[in-house]
Amino acid sequence: MITEHDCIKLDQNDPLLSFKDQFDIPKNILYFDGNSLGALPKTTLANMQNVITNQWGANLINSWFNDGWLELPKIVGNKIAKLVGAEENEVVVADSTSINLFKAIYSAVKINSDRNVILTTNNIFPTDKYMAKTIADNLSKTLITVNDDVLLESLNEKVAVLLLTHVDHLSSKINDMQNINQIACKKGILTIWDLSHSVGAMKVELKKHNADFAVGCTYKFLNGGPGAPSFIFANNKHNNKLQTPLPGWFGHKKPFDFDPNYYPAGGASQYLCGTSGILGLTALDSGVSLFKNVDLDHVRSKSVSLTSLFVNLINQVCANKFEIFSPINSHERGSHVSLRHERAKEITDNLVKKSVIPDFRPPNIIRFGFAPLYMSHIDVWKAVMIINEII
Ligand SMILES: *Cc1c(COP(=O)(O)O)cnc(C)c1O
């Protein structure tokens, strides 16, 4: 039997407890959507106000050079690199995840151009599949999508590129990056990892596990704000073979030479395309900077503690009312838990009325996200009591 007191005790022993104070979260709500739109860091408003008033407002165009705007997508990229196990200059921030997927898939297909197949899974996030499909169609390749359970046996010498999400957006299942990359690498397959649901929620080791490309959202666990610009990683072992499909002037070696011919900047920098959105980058920088002194092992253990508490409380309090759609084994589970119920939509609507905010995914899933930096175990207790009341 888990008690309310147990939850209070878990919070007292939480090394990340003080981070909650770094966010502005309305007192009256229980927020379970940090995996979809992260909360507002307290520093964001002041940082944006500074950039707007003291840089844009006072220095106008000089800010590109004098206030570091030109370097900002690389500076923030380097901060994200530390969270995903990448080296300096392997990560830049630009555009949306969808567009970065396009750049990464195209680049990988071009490097492995003597092969014909782009492989992904049936349950991958829709935009990932759409991007893979349009590249396959336009470059005379074949997109093959398979179920998770036959993924490893589908890795063969015809496959040019394997596109996977690290943590599944619906089920929360973690794909084993180390093992999959090892097999892919042996067969000459390049890997692209979508880290949207793992960056900021767990340690990611792109270099150690030999990933070729990666992309990810920053408005989820990195708290960059609605529609915050995405990041893209290219392993620097490919630097002399990278070929962006979107050669924009910001990815040129010397943008301010206004050269009529395109010469790409080195490495991942060529994935900068058009002029960087400095206000969005400023908000993102505020979210990412909060991770500066955070131990990602603490983040992961708290995430596991929160999701496990939720699963155990659901089983204790409303046993058999829901099907737990996420892995029961915490090693295989990311930082959200999905419950299946035939009246999921109605239950979600009623939860929102009671200020518990998860999200509904058709046709029958309620998804609860657990942001380790600002959620506490007592939030989980309170929410499960309300879920039980509603059910
Ligand atoms: C959230 C999410 C996206 C969103 O892409 P945008 O272009 O930023 O809208 C893409 N892929 C995955 C796996 C996601 O979870």
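Note that ligands are numbered from 1 as they come in the structure, with each ligand's atoms numbered from 1 the same way. For the numbers below, each heavy atom of this structure counts, side chains included, while hydrogens, waters and symmetry mates do not.
Of the N and O atoms on the side chains of S335 and H197, not one donor lies less than 3.5 Å from an acceptor on the other residue. A donor-acceptor pair shorter than 3.5 Å cannot be found between the side chains of N89 and N236.
Counting only non-hydrogen atoms, the option in K220, H166, K129, M131 that gets closest to atom 14 (C) of ligand 1 is K220. The heavy atom nearest to atom 7 (O) of ligand 1, out of those in S98, S230, C217, S196, is found in S98.
For ligand 1, the atoms sitting less than 4.0 Å from at least one non-hydrogen atom of Y219 are 1 (C), 4 (C), 5 (O), 6 (P), 8 (O), 9 (O), numbered in the order shown with element in parentheses. Heavy-atom proximity to S96, at under 4.0 Å, picks out these atoms of ligand 1: 7 (O). Residue-ligand proximity, T127 to ligand 1, at heavy-atom distances under 4.0 Å covers atoms 10 (C). Contact atoms of ligand 1 toward T165: 13 (C) (distance under 4.0 Å to a heavy atom of the residue). Applying the 4.0 Å criterion to heavy atoms of H197 picks out, from ligand 1, the atoms 15 (O).
Distance from atom 5 (O) of ligand 1 to its nearest protein heavy atom, with residue and atom name: T97 CB, 3.5 Å. At the shortest separation from atom 11 (N) of ligand 1 among protein heavy atoms lies D194 OD2, 2.9 Å.
For the pair N364/F325, no side-chain contact is recorded, criterion being any heavy-atom separation below 4.5 Å from C-beta on.
Between F213 and H238, the two ring planes are parallel [angle under 30°; tilted spans 30° to 60°]. Aromatic ring orientation, F368 versus F310: tilted (interplanar angle from 30° to 60°).
Distance CE/M131 to CD1/I192: 12.5 Å, rounded to 0.5 Å.
Residue contacts with ligand 1 for I124 are absent, since no atom lies close enough (heavy atoms, distance under 4.0 Å).
Counting non-hydrogen atoms of other residues, nucleotides and ligands closer than 6.0 Å to NZ of K158 gives a total of 12 or fewer.
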